Structure formats: structure tokens, C-alpha cells
Peer 1: 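I'd like to ask you about the structure that follows.
Quick caveat, the model's predicted, so the values are computed rather than measured. Worth knowing before you read on, the calculation uses all heavy atoms, side chains too, and leaves out hydrogens, waters and symmetry mates.
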Amino acid sequence: MTNGILSYIIFTPPSGGRLYANYANGFGTPLPSDAHCYFYNPALGAYPVSSVTYIPPSLSSDTAHAAASEGAELQRSEILSFRLYPQTGASIPGSFRMETGSIQASDLYIDIPAGTYYDKAVLWAVENGITNGTTPTTFEPYSTCTRGQVATFLWRASGSPEPYTIENPFVDVNPNSAFYKAILWAYENGITTGTGDNTFNPNGTCTRAHVITFLWRMAHEPEVMYESELATRYASTYYAKAISWADSYYILQDTATAFSPNALCPRADIITYLYRNLAVTL
């Protein structure tokens with residue numbers, strides 16, 4: 001301001017998302033959705049302008065989980081309009097672009113330690129609607145997933161396409177199931193043929209070999225140009241090519257040293273494999 005002393009600022013609400021005050025560590029004070037008044041001087045009894053944080057609509061919630069999503073290395077911003085009110089004289093309109101910063105999955109969920117190898121993958125999955133936490137504040141990264149859940153992750157990551165298959169090939173998949181379309185899509189795209197005898201076993205758990213094989217088939221069974229040392233241990237198995245592909249393209253990075261194909265695959269690794277698979281193939 002060229003003249004006068006600033007008394008307070010009123011922001012016009014953003015077109016999407018919300019404004020929060022005193023945001024830190026994944027939480028903040030949600031401010032009313034009508035015009036927001038922030039005193040320039042906190043001694044006057046309200047929030048300082050520096051405390052304002054913009055929450056993009058994809059992550060906006062009643063508890064304000066995060067100030068931004070790093071996800072696929074995207075930055076989000078919003079043009080905010082405001083009006084300056086000096087202690088004397090007329091008010092002055094203006095606008096500016098507020099950019100969000102990056103966060104970690106540990107800001108979203110209390111059971112994810114900071115700096116994990118699956119941090120970006122979880123953010124990407126939440127940002128793109130592939131999965132949410134198991135509660136508003138927990139993700140349960142080391143819990144296992146059912147076959148139906150894994151099929152749903154893959155289906156959502158592919159844009160949730162409508163399956164062409166009309167006839168249900170599996171006697172144990174209910175048409176009213178939340179996994180129904182995902183399982184039909186996975187079947188018609190050759191990602192899985194079920195477990196035999198016209199069954200899919202949607203409530204059965206998935207091993208690492210199962211998940212890697214699904215992803216390899218989802219990527220149209222690509223060949224690799226060089227042999228994976230890890231895959232040579234499993235040369236006679238049905239998943240040998242899938243492991244060779246995954247290892248060669250660093251999809252197993254940070255998990256390959258302890259890779260056990262018959263071990264149950266935790267949620268954190270399923271999401272990480274899927275995230276890296278799309279980063280390689282898209």
C-alpha cells in the first residue's frame with residue numbers, strides 16, 4: 001500500500017478447494033466457505049495472512065488432510081481475489097496466485113513413517129482415486145489385499161473402463177459386488193483367468209507373484225532386453241517373465257532384496273508396483 005495502514009484483508013473463497021489457517025503436519029483450521037477475514041496484524045485478534053493455506057479440491061476434507069498432493073510431481077494453484085481494507089480511506093481490490101507445496105504420505109496417515117519408499121505411490125493412489133486409507137487417518141500399509149481389491153486397483157488405475165463382457169464367467173463373483181466390473185475387465189483383458197472351475201476367489205489374498213503377473217499382463221506382457229538375476233531363481237515358474245520384466249524396469253526397487261514370490265503382498269507394495277508400472281508404460 002502506498003498510503004495508510006493496513007487493517008485487514010478479506011479473501012473471496014476459492015473456486016475449488018478450501019482455505020485453512022495454521023496448517024501444519026497434515027491438519028489445520030478449516031475456515032468458513034463464505035468471505036474470509038484475516039487481520040494483517042495478529043495482535044488484533046485474528047489469523048495473520050501468513051497462516052493462510054490453500055487445499056486443492058481433490059484432497060479437501062473436513063479434517064484437511066493435506067495442503068497439496070505431490071503425486072505425479074504436479075503443482076496445484078488457485079487465483080485468490082481479495083480486498084485490502086486500510087484503517088482510513090477506500091478499500092483496494094486485488095488478486096494473486098497461491099501455489100500449494102508438496103507433502104508426504106506421512107502427513108495424510110499416522111501409520112506411514114516419513115521418507116518411506118512408498119510415499120509418492122500412496123499420494124498418487126489417493127490423488128487418482130485408486131484407493132483411500134482404511135480409515136480417515138490410517139492406510140495400513142502392511143495389510144494384505146484380496147484378489148478383488150487388487151483387480152479394483154488395476155481397474156481404477158486404467159480409468160475404470162466399462163467392461164464389454166456381459167456374461168459373468170465366475171460363479172463366485174456376485175454382480176452386486178463392488179469388485180464386479182473390475183473383475184470382468186481384468187478377465188476380458190487377460191490379466192487373470194481366475195483360479196479354476198469358473199471361480200475367481202475374490203476374497204482370497206494375493207502373493208507378490210500374483211500381483212507382479214497381473215501387472216505384467218496389464219502392460220501387455222512386454223519382453224525384456226536383458227536377463228534379471230532375480231528372475232533366474234524362478235526360471236521354471238509361470239511368473240518368471242513377469243519378475244524379469246518388473247526387476248529390469250526397477251518396479252521392485254527397495255523391495256527386491258527381500259522379494260519372496262509366495263509371500264503375501266502388502267498394500268504398500270501393491271500400490272508401489274502399480275505406480276511404477278504406470279510410470280514405465282505410460
Peer 1: Do you reckon F200 sits in the same ILVMFWY cluster as L215, going by side-chain contacts under 4.5 Å, direct or chained?
Peer 2: no

Peer 1: So, the side chain of S228 versus the backbone of L230: is there a donor-acceptor pair under 3.5 Å, distance only?
Peer 2: yes

Peer 1: Indicate the atoms forming the closest heavy-atom contact of R147 with T192, along with that distance.
Peer 2: NH2-OG1, 3.6 Å

Peer 1: Following the transitive rule for hydrophobic clusters with a side-chain heavy-atom cut-off under 4.5 Å over Ile, Leu, Val, Met, Phe, Trp and Tyr, establish whether V211 and W185 coincide in one cluster.
Peer 2: yes

Peer 1: Just verifying a value: how many Å separate I270 CD1 and L264 CG, rounded to the nearest 0.5 Å?
Peer 2: 9.5 Å

Peer 1: Could you walk me through whether I112 and Y118 pass the side-chain contact (heavy atoms from CB on, under 4.5 Å) check?
Peer 2: CA-CA 9 Å; I112 294 183; Y118 50 83; 3.7 Å; yes

Peer 1: Does one hydrophobic cluster hold both I130 and I212, with members joined at side-chain heavy-atom distances below 4.5 Å?
Peer 2: yes

Peer 1: I183 vs W155, test: side-chain contact (heavy atoms from CB on, under 4.5 Å). Steps then yes/no.
Peer 2: CA-CA 8 Å; I183 290 173; W155 177 64; over 6 Å; no

Peer 1: Please examine the side chains of T144 and Q149, heavy atoms only from C-beta on, and report whether any two atoms are closer than 4.5 Å.
Peer 2: no

Peer 1: Determine whether P261 and T237 make a side-chain contact, defined as any pair of heavy atoms from C-beta on separated by less than 4.5 Å.
Peer 2: no

Peer 1: Students often mix this up, so state it plainly: with edges at 30° and 60°, are the rings of Y275 and W124 parallel, tilted or perpendicular?
Peer 2: tilted

Peer 1: Any side-chain heavy-atom pair from L184 and Y180 closer than 4.5 angstrom?
Peer 2: yes

Peer 1: Calculate, to the nearest 0.5 Å, the distance between atoms CZ and CD1 belonging to F139 and I110 respectively.
Peer 2: 14.0 Å

Peer 1: Is a donor from one side chain sitting under 3.5 angstrom from an acceptor on the other, for N168 and Y187?
Peer 2: no

Peer 1: Any cation-pi pair here, R276 with Y250, using under 6.0 Å and within 45°?
Peer 2: no

Peer 1: Verify, without hydrogens or angle tests, whether N174 (side chain) and N176 (backbone) share a donor-acceptor contact under 3.5 angstrom.
Peer 2: yes

Peer 1: With under 30° as parallel and over 60° as perpendicular, where do the rings of Y239 and Y234 fit, or are they tilted in between?
Peer 2: tilted

Peer 1: Has T138 got a side-chain atom pairing as donor or acceptor with T134's backbone, closer than 3.5 angstrom?
Peer 2: no

Peer 1: Starting at CZ of R267, measure out to SG of C206 and round the result to the nearest 0.5 Å.
Peer 2: 13.0 Å

Peer 1: For P163 versus E188, what's the shortest heavy-atom pair and its separation?
Peer 2: CA-OE2, 3.3 Å

Peer 1: Out of curiosity, does F179 fall in the hydrophobic cluster containing V150 (side-chain heavy atoms, cut-off under 4.5 Å, transitive links)?
Peer 2: no

Peer 1: So which atom in G194 and which in F170 form the shortest heavy-atom distance, rounded to 0.1 Å?
Peer 2: CA-CE2, 3.8 Å

Peer 1: Could you check if a side-chain atom of Y249 sits within less than 4.5 angstrom of a side-chain atom of V224, using non-hydrogen atoms only?
Peer 2: yes

Peer 1: Please report the shortest heavy-atom distance between R217 and G190, naming the atom on each side.
Peer 2: CD-O, 3.3 Å

Peer 1: Compare all side-chain heavy atoms of P266 with those of R208 and state whether any distance is below 4.5 angstrom.
Peer 2: yes

Peer 1: According to the interplanar angle, ranging from 0 to 90°, do the rings of H210 and F214 count as parallel (below 30°), tilted (30 to 60°) or perpendicular (above 60°)?
Peer 2: parallel

Peer 1: If you take all heavy atoms of P113 and T116, which pair is closest and at what distance?
Peer 2: O-CG2, 3.0 Å

Peer 1: Should T146 and P202 count as side-chain neighbours, where that means a heavy-atom distance under 4.5 Å?
Peer 2: no

Peer 1: Can you tell me how far apart CG (L123) and OH (Y109) are? Round to the nearest 0.5 Å.
Peer 2: 8.5 Å

Peer 1: Between N189 and Y164, is any pair of side-chain heavy atoms under 4.5 Å apart?
Peer 2: no

Peer 1: I need the S158 OG to L274 CG distance, nearest 0.5 Å.
Peer 2: 8.0 Å

Peer 1: Rounded to the nearest 0.5 Å, what separation is found between the CZ atom of R233 and the OG atom of S260?
Peer 2: 10.5 Å

Peer 1: If Ile, Leu, Val, Met, Phe, Trp and Tyr residues are connected whenever their side-chain heavy atoms lie under 4.5 Å apart, and connections chain through other members, are I271 and L252 in the same group?
Peer 2: yes

Peer 1: Identify the two heavy atoms, one from A235 and one from A240, that lie closest to each other, and give their separation to 0.1 Å.
Peer 2: O-CB, 3.8 Å

